[in-house]
Amino acid sequence: KLDAETRSLYELVVLASDGTFNNTASVSVYVLNANDNRPIFGQTAYHFEIEENSPSTVYVGTVAAIDRDNQTVIYSIVSNTNQSDFTIDSRTGQLNALRPFDYETAAVYHLTVRATDQGLRSLQTTDVNVTVTILDLNDNQPVFNASVYRLFINEDLLLGYTVVSLYAADADSTSNGRVSYRLNRTEIGGDHFNVNSTSGAVFSTTSLDRETEASYRLYVAAEDHGIPKKSAITVVEIHILDVNDNIPSISASTYETTVVENGPALYPVMKFSSADPDLDENGSTRFGITAGNDDGHFAVNATTGLMYTTAPLDREYRVVYELSVTAFDHGQPVLSSNVSVRIVVLDINDNKPNFARSSYAVTI
């Protein structure tokens, strides 16, 4: 079998003889190409890479095929996810993009490129697979799932309690999409809270007291690890809820006063006041006499704190009253404080002299 690609010319010497005389002649035999070879690509598959957001017509790569029949090879794209993605120069095999690509939309594209020779009798073709990988750029910033987080927490939370776990997503890959968290700045609260750089958990670093500070406003940044870095900021508003952690305080620790005996009932004796920095029911105070009033000569208005007599007093019956007055709040559990009250009954001339006997007899 003759093969033009192996040997295209044979030089022969033909001998003619009649038995007595001989003669020779040189014969040249040329083997004509029958286009019996397909184009052969230089690689079994091609892999190219381009960066996302590259401009249209950016160079992707070049495929190359040879034809042993020495035919001209024409290149074409015969399979592509989207025919508007790539183009190929039919003569050189150079691939170019037709548009910018977004890694986050699609990271890999697969094409089939065909090489076709231009033989006269029949066309021979060969296909090769081409993979184009889109390289990620840091073109996306982290995105929090909320621009503002509003939280309500009790003031008696334990130290280190996680008040919220923040999350920011970054559509980029590898280090471009890996997010770390940090406190960016604070209006109030930078010394009371911190954030875990990996998990985004915001936690308390000190004990909280609503009566000292009722709310905090934190600014937390999420930052990726790309070059250059991209970041986003969210606001964390923390509102502290009241618990009943303060005892009502009466304005003095001891009280002492005097009351004239035989005064009318409901006579004002003194007035108590108290303060409780807690809120609402936790800070609302009521008063009561809790000791020393066994005979019920005194009462106190639970709301106003006004103490008054319930009946006229008699110094000759009792000179001094030692009472205990308590201020209670309305929280759960109820907290209270006591104060000692000393009331001295003043004498008035309300008794005439009495003889020891109704009659006396004497002898002179």
Looking at every non-hydrogen atom in both residues, tell me the closest pair between [X] and [Y] and how far apart they are.
X      : Y      : answer
Pro39  : Ala115 : CG-O, 3.7 Å
Arg99  : Ser56  : CA-OG, 3.4 Å
Val179 : Ala222 : CG1-CB, 3.7 Å
Leu137 : Glu52  : N-OE2, 2.7 Å
Leu183 : Leu218 : CD2-CB, 4.2 Å
Arg342 : Glu322 : NE-OE2, 3.0 Å

Is a donor from one side chain sitting under 3.5 angstrom from an acceptor on the other, for [X] and [Y]?
X      : Y      : answer
Asp170 : Gln141 : no
Ser173 : Asp136 : yes
His192 : Ser204 : no
Thr326 : Asn338 : yes
Asn246 : Asp276 : no
Asn262 : Asp314 : no
Asn176 : Asp224 : no
Asn53  : Asp102 : no

Go through Ser28 and Glu11 one step at a time and tell me if the side chain to side chain donor-acceptor pair (under 3.5 Å) criterion holds. CA-CA 5 Å; Ser28 296; Glu11 296 288 349; 2.7 Å; yes
Residues Asp242 and Arg210 bridged, charged N to O under 4.0 Å: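 Looking at Arg210 together with Asp242, the answer is yes, because their closest N to O distance falls below 4.0 Å.
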Answer yes or no: is there an ion pair linking Arg38 with Asp117, defined by an N-O contact shorter than 4.0 Å?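 Looking at Arg38 and Asp117, the cut-off is not met.
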Co-members of Tyr255 in a cluster of I, L, V, M, F, W and Y side chains, linked at under 4.5 Å: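 Taking Ile, Leu, Val, Met, Phe, Trp and Tyr as members, Tyr255 shares its hydrophobic cluster with Ile250, Val259, Tyr267, Val269, Met270, Phe272, Phe287, Ile289, Phe298, Val300, Met307, Leu313, Tyr317, Tyr321, Leu323, Val325, Val339, Val341, Ile343, Val345.
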Straight-line distance of Ser180 OG to Asn196 CG, nearest 0.5 Å: 9.5 Å
Can you tell me how far OH of Tyr103 sits from CG of Asp139, rounded to the nearest 0.5 angstrom? 11.0 Å
For atom CG of Leu159, decide whether the heavy atoms of other residues, nucleotides or ligands shown that lie under 6.0 angstrom number more than 12.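 Yes, the 6.0 Å shell around CG holds more than 12 heavy atoms from other groups.
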Kindly determine whether Phe193 and Val195 satisfy side chain to side chain contact (heavy atoms under 4.5 Å, CB included), including the steps that lead there. CA-CA 7 Å; Phe193 298 92; Val195 60; over 6 Å; no
Please evaluate residues Asn282 and Asp329 with respect to the criterion side chain to side chain donor-acceptor pair (under 3.5 Å), reporting the C-alpha separation (whole Å), side-chain torsions for both, the decisive distance (0.1 Å), and the verdict. CA-CA 6 Å; Asn282 293 335; Asp329 64 24; over 6 Å; no
Can you find a pair of side-chain heavy atoms, one from Phe41 and one from Thr126, that are under 4.5 Å apart?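 They are in side-chain contact.
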Hey, mind stepping through Glu223 and Lys230 against side chain to side chain contact (heavy atoms under 4.5 Å, CB included) and telling me if it holds? CA-CA 6 Å; Glu223 189 174 68; Lys230 292 183 179 293; over 6 Å; no
Assigning hydrophobic clusters by single linkage (Ile, Leu, Val, Met, Phe, Trp, Tyr; side-chain heavy-atom cutoff under 4.5 Å), is Phe21 placed with Leu15? no
Classify the ring geometry of Phe86 against Phe101: parallel below 30°, tilted from 30° to 60°, perpendicular beyond 60°.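 Rings of Phe86 and Phe101: parallel, under 30°.
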Give a yes or no on whether the ring-centroid distance for Phe48 and Tyr59 is below 6.0 angstrom.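 No.
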Which residue in the set Asn154, Leu208, Asp209 passes side-chain contact (heavy atoms from CB on, under 4.5 Å) when paired with Ile240?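 Exactly one pass, corresponding to Leu208.
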